[in-house]
Structures are given as C-alpha cells and as structure tokens.
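Here's the structure we're looking at; comments come further down.
Sequence lines set the chain letters: A, B, ... in the order given, protein chains first and strands last, and positions in each chain run from 1. In this text the structure is predicted, and so the values were computed from the model without any measurement.
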Protein chains: 2
Amino acid sequence: MSSKYALNRDNVTLSSRLVTSMRSAILAGDLKGGERLSERAMTEMFGVSRSLVREAIQVLAVEGLVTVVPHKGPTVTLLDQKAAADLYRVRGSLEGLACEEFTRHASEDQRQELFAIFDRLKDMLGREDADDLIEAKNDFYRCLLTGADNDVLEQMFTQLNNRIVQLRRFTLSASGRFPETLKEIGAIIDAIRDGDGASARLLAEAHVAAAAAVVIRRFAELEKTSEL
Amino acid sequence: MSSKYALNRDNVTLSSRLVTSMRSAILAGDLKGGERLSERAMTEMFGVSRSLVREAIQVLAVEGLVTVVPHKGPTVTLLDQKAAADLYRVRGSLEGLACEEFTRHASEDQRQELFAIFDRLKDMLGREDADDLIEAKNDFYRCLLTGADNDVLEQMFTQLNNRIVQLRRFTLSASGRFPETLKEIGAIIDAIRDGDGASARLLAEAHVAAAAAVVIRRFAELEKTSEL
DNA sequence: TTCAATCATATTGTCAGACAATCTGTCAAT
DNA sequence: ATTGACAGATTGTCTGACAATATGATTGAA
C-alpha cells in the first residue's frame, strides 16, 4: 500500500539536494546565463565535494540548463534566438496536450481548483506584482499537469519550462501583454469548462505562440543593440 | 565559423563514452528492465571507476532509462502499462509536431531523402527483417527530425523514443500490423508531399495512437498471465 | 610590431581508498 | 509467527593524487 502518509524518499541525499539547489540558483538568476561554473567555485558555493558537484552538473546538463564543453568546464546555458523559438514551439505543443488531457481526465475538484487559480490571476489585473504573478502561474501549471495525469508529460513540460525561465528577462519586459494573456487563458478555461479538449488544445498552442512572438521580437531588438 | 569540418567534441571523455555505452546496453536489452545496476557490477562490466559509474547512472536517471532509489541502488526502469500509455501520448504529440515542422522547414533534399527512406520501408513488406526494419525506422526519424530543424524537439523526441524502445518486446510481437503501419505512414508522406503540415500532424498523431493501442493491449494480456 | 613556438599555470578528467549511512537477510528469543 | 538485534553488503560522501587538456604569458624570430 502506498498511502499518502508514505515519507518522501526524494531529496534525502546530499546529491539530490545539491541538484535542487543548483537548479534553483540558475532559475533565480543567481547563476546567470553564460556564467562559468568552475568546480572549485561550486564546491565553495555549496559546501560539498567535487564528486557531488560533478554529478550535479551532469544532471543539469541533461536537463539543458548547463552546457558542458569537455576540458573547458560547464557554463549556464545561454539561449540564442533560435533556441528560444525552438523551446517555445515544443512548449506550445506540450501545453496544448496538457490542456486536452486535463479536459479529458481531471476530476471535478481539480477542475474547480484550476478555475479558482484563474480567478486569482484575473484579480491581479491592474496591480501586477511580478512575484505573485509567477507564483500564480506556477500554481496554474502544477494544477494543469496534475489533472492531465501523465507523468511523462509532467516531467518533460517541467524541464522545458525551466529552460524557458531563463528568458524571464524578456517575458517580464513584455508584461504589457497581460490583458491579452488573460483573455487568451480565459478562452482556454472556457473550452475546458465546456469539455472541449480539442479547442482547449488549439487555444493553448495559439496562446503560447503569441507569447513567444513577443519574446522573440524583444530578443531580436536587444540582440541588435548589444551585439558585435 | 562552425563549419561541417569542425571536429566532434562530444564523446571524447571516458565519462561521455560510458554514458553512451550504458545507454546502448539498456536499449539493446543487455541490461533488462528491472535489473539492478550495482556500482560494483558496473565498474567491472565497463572497466571504469565508481565515480564515472555514478555520474553515468545519474544521467541515465534523468533520461528516464534508469530508476534510482536512494540507498538501494539503481535499476533499469521497468515500464508499467500506465507509463507506456503516457509515453506514447507525448510521443504522438511530438511526432505530430515533427511532421508539421518538417513540412514547413525541410529543404528539397531532405524531402527527397525522407521519401526515399519511405520507399525502402515499403520494399520490406513481405520479407520483414527485424534489424533492417529498426534501422530504416531510425533513419526515418533521424531524417524527419533533421528536417524539422528544432534542436529541442530533436532532443526530447530522442529521449522519449529511447524510453519507448524498452517496449520493443511488445511492438515486435505486434508486427503483424506492418501493412497498416505502412498505409498510415504513406498517408503522412502524402500530406508532407502536398505541403499540408496540419494534416501530416494529425495523421502522425493518429498513427502513434494506433500503434500505442496495440502495444497497450498486448501489455494488458501479458500482465494478466504473468502477474501476481 | 607582429607572429609563432614554447612554456607555466590552472582547470578538468579519472582513479583509488576511506569511512559513514542505510538496507537486507539471518537468527535467536518471546 | 512476530519482534529485535546483529552482521554483511551496498550506497553516499569526502579526500587526495595524478594525467590530460586549455589558457595566457613569454620568448624568439621575421
């Protein structure tokens, strides 16, 4: 019997906690894109041995957050415009799938929770606080993925989303789009309410594509001004 | 300039070669689902130190090929029916995306190559050889992904496909479906020929769903006979 | 001055060995 | 049959060592 009282076996080892911690540091921007992650610096920063640092770096490399060049050392992956476009394209597909599966599989409780989170988002219009917004969005996706009831999808989507977080610079500077964002998500929510998974999927893909377009444009502008 | 003459920097370290080798061993079935991967056994099997074995196992764990339980040790991930269903669902979505992107981005050469590979597949009808078929399918996907021109998609699809390879037992026993398979892929090819990415996508998803249905059914049968 | 070859230094790649923490199976006691 | 304690095996983590490679400085020559 695997009851809900079972103790959590994850993150019990130093190794796994280190991975979590390093990942957080990257996502929070404390380790910035392009920054070198020398083993020496990492052992000091996290207070663990070289072995663990090396293991963690390999793991984050598979996740795409870190780029390793043999004999030169790892760096925090730096995304170019093409990579950003590629990421968003796949993300749109997976987000669409998540919406469709949520429509099909979510329990009534899960549906109500999703609707409630959306209401929370709506209430933020006008007095947008960056951190609150990020938290609400995270809740939204967590709920969506839980209801979609597909572990593989959850894992891949999460990985993808982590990589996209590194583009936060651009997504924040594009936050003037918040009203449209709300409208688009609202349409998705309505489709889910109606049990229309196919529409929810298409709307979700379109939503991601629209968000991506803004980010990519912003990207192009900044590249033009600050590049060689 | 990153020319096509650039030397390959991957797989130069023992570490990366070990990962490749262990992954191959799993995909080839030399390390079977559920099998324990004790560090001791792995150091002997691959002739490297414990450090490298541990790193490789972590990497394969992120890829989903290996499952690690703290203080108990890693095993080759064993898929249950739900996991198989989840994998195929996501794979359908990504394969659909790949087809659509191929239609949109592939060069004329890449299109011709894809068509040629499909002809090779067609010629196998009747005298199907398992290894030849697997090779042709791999070529097909490699070509498809190259033409789709999306590194993120390529990486995720490859990872997903690797995990699905562990279901080969079931897909092979379902090879009586080869004529239908050819018909379905043929329809996809036609859509790509017509430049109709949306159709190609839908057809690809349907194709994966049909293949998945067979595998899942086979799965249920075998589970019933051989289980507790 | 500029360019190329050389060399010193720092960093990464790999190994071996040690000890602590945890798991698993055994066996005696109740 | 269940409990508790114990022993052996395996994993988790650290440290130190040395080899392989990259980087930057230095030197020498055109």
Side-chain angles (χ1 to χ4, degrees), chain A residues 1-3 5-23 25-26 31-32 34-63 65-78, chain B residues 1-2 5-23 25-26 31-32 34-63 65-78 228:
Chain A
M1 86 191 121
S2 85
S3 84
Y5 296 108
L7 295 178
N8 181 16
R9 290 289 204 182
D10 302 336
N11 272 6
V12 292
T13 67
L14 241 196
S15 182
S16 59
R17 277 185 288 155
L18 173 63
V19 171
T20 303
S21 190
M22 272 187 83
R23 190 191 291 118
I26 293 174
L31 297 173
K32 297 188 205 313
E35 189 170 340
R36 301 202 49 193
L37 303 173
S38 86
E39 297 179 356
R40 181 117 183 305
M42 294 302 104
T43 56
E44 284 170 7
M45 176 166 179
F46 296 96
V48 297
S49 71
R50 250 184 99 198
S51 330
L52 294 200
V53 166
R54 289 183 59 86
E55 284 184 18
I57 283 174
Q58 303 271 35
V59 166
L60 296 175
V62 178
E63 294 183 3
L65 293 176
V66 163
T67 303
V68 178
V69 181
H71 292 288
K72 279 183 69 174
T75 57
V76 178
T77 301
L78 193 57
Chain B
M1 88 191 119
S2 85
Y5 297 108
L7 294 178
N8 181 16
R9 289 289 204 182
D10 302 335
N11 273 8
V12 292
T13 68
L14 239 198
S15 182
S16 59
R17 277 186 287 154
L18 173 63
V19 171
T20 302
S21 191
M22 272 187 82
R23 190 191 291 119
I26 293 174
L31 298 172
K32 297 187 206 313
E35 188 170 340
R36 302 202 47 191
L37 303 173
S38 86
E39 297 178 357
R40 181 115 184 306
M42 294 303 103
T43 55
E44 284 170 6
M45 176 167 179
F46 296 96
V48 297
S49 71
R50 249 184 100 198
S51 328
L52 294 199
V53 167
R54 289 184 59 87
E55 285 183 17
I57 282 173
Q58 304 270 38
V59 166
L60 296 175
V62 178
E63 294 183 3
L65 293 176
V66 163
T67 302
V68 178
V69 180
H71 290 289
K72 280 184 67 174
T75 58
V76 178
T77 301
L78 193 57
L228 53 156

Nearest-nucleotide pick for B:S49, side chain only, options being C:dT14, C:dT12, D:dG12: C:dT14
Any side-chain heavy-atom pair of B:M42 and B:M22 under 4.5 Å: yes
N/O (side chain, A:R54) to phosphate O (OP1/OP2, C:dG13) under 4.0 Å: yes
Between C1' of D:dT13 and CZ of A:F46, the distance in whole Å: 17 Å
Distance in angstrom units between A:E55 CD and C:dT12 C1', rounded: 16 Å
Residue A:L14, side-chain heavy atoms: nucleotide from D:dT11, C:dT11, D:dT13 that is nearest: D:dT13
Distance, rounded to the nearest Å, where A:L18 contributes CG and D:dG12 contributes P: 14 Å
Heavy-atom pair with the smallest gap, counting every atom of A:L37 and A:I57: O-CD1, 4.0 Å
Nearest-nucleotide comparison on DNA chain C, the residue closer to the 5′ end among A:R9 and A:V68: A:V68
Sugar-phosphate, base or nothing in reach of A:R17, heavy atoms under 4.0 Å: nothing
Candidate nucleotides C:dT12, C:dC23, D:dT13, ranked by approach to the side chain of B:H71 - the nearest: C:dC23
Sugar-phosphate, base or nothing in reach of B:S51, heavy atoms under 4.0 Å: base
Nearest listed nucleotide, side chain of A:S38, among D:dT13, C:dT12, C:dG13: C:dT12
Pair of N/O donor and acceptor under 3.5 Å linking D:dG16 base with A:R50 side chain: no
Residue-phosphate contact under 4.0 Å: B:K72 side-chain N/O, D:dT11 OP1/OP2: no
Residue pair A:R23 / A:E63: nearest heavy atoms and the distance that separates them: NH2-OE2, 2.7 Å
Position toward the 5' end of DNA chain D (nearest nucleotide), A:L52 or A:P70: A:L52
Rounded distance in Å - CG (B:L37) to P (D:dA9): 20 Å
Spacing between B:R40 atom CZ and D:dG12 atom P, to the nearest angstrom: 17 Å
Minimum-distance pair of heavy atoms, taken over all atoms of A:V66 and A:P74: CG1-CB, 3.7 Å
Residue from A:L52, A:V59, A:V53, A:T20 passing side-chain contact (heavy atoms from CB on, under 4.5 Å) with A:S15: A:L52
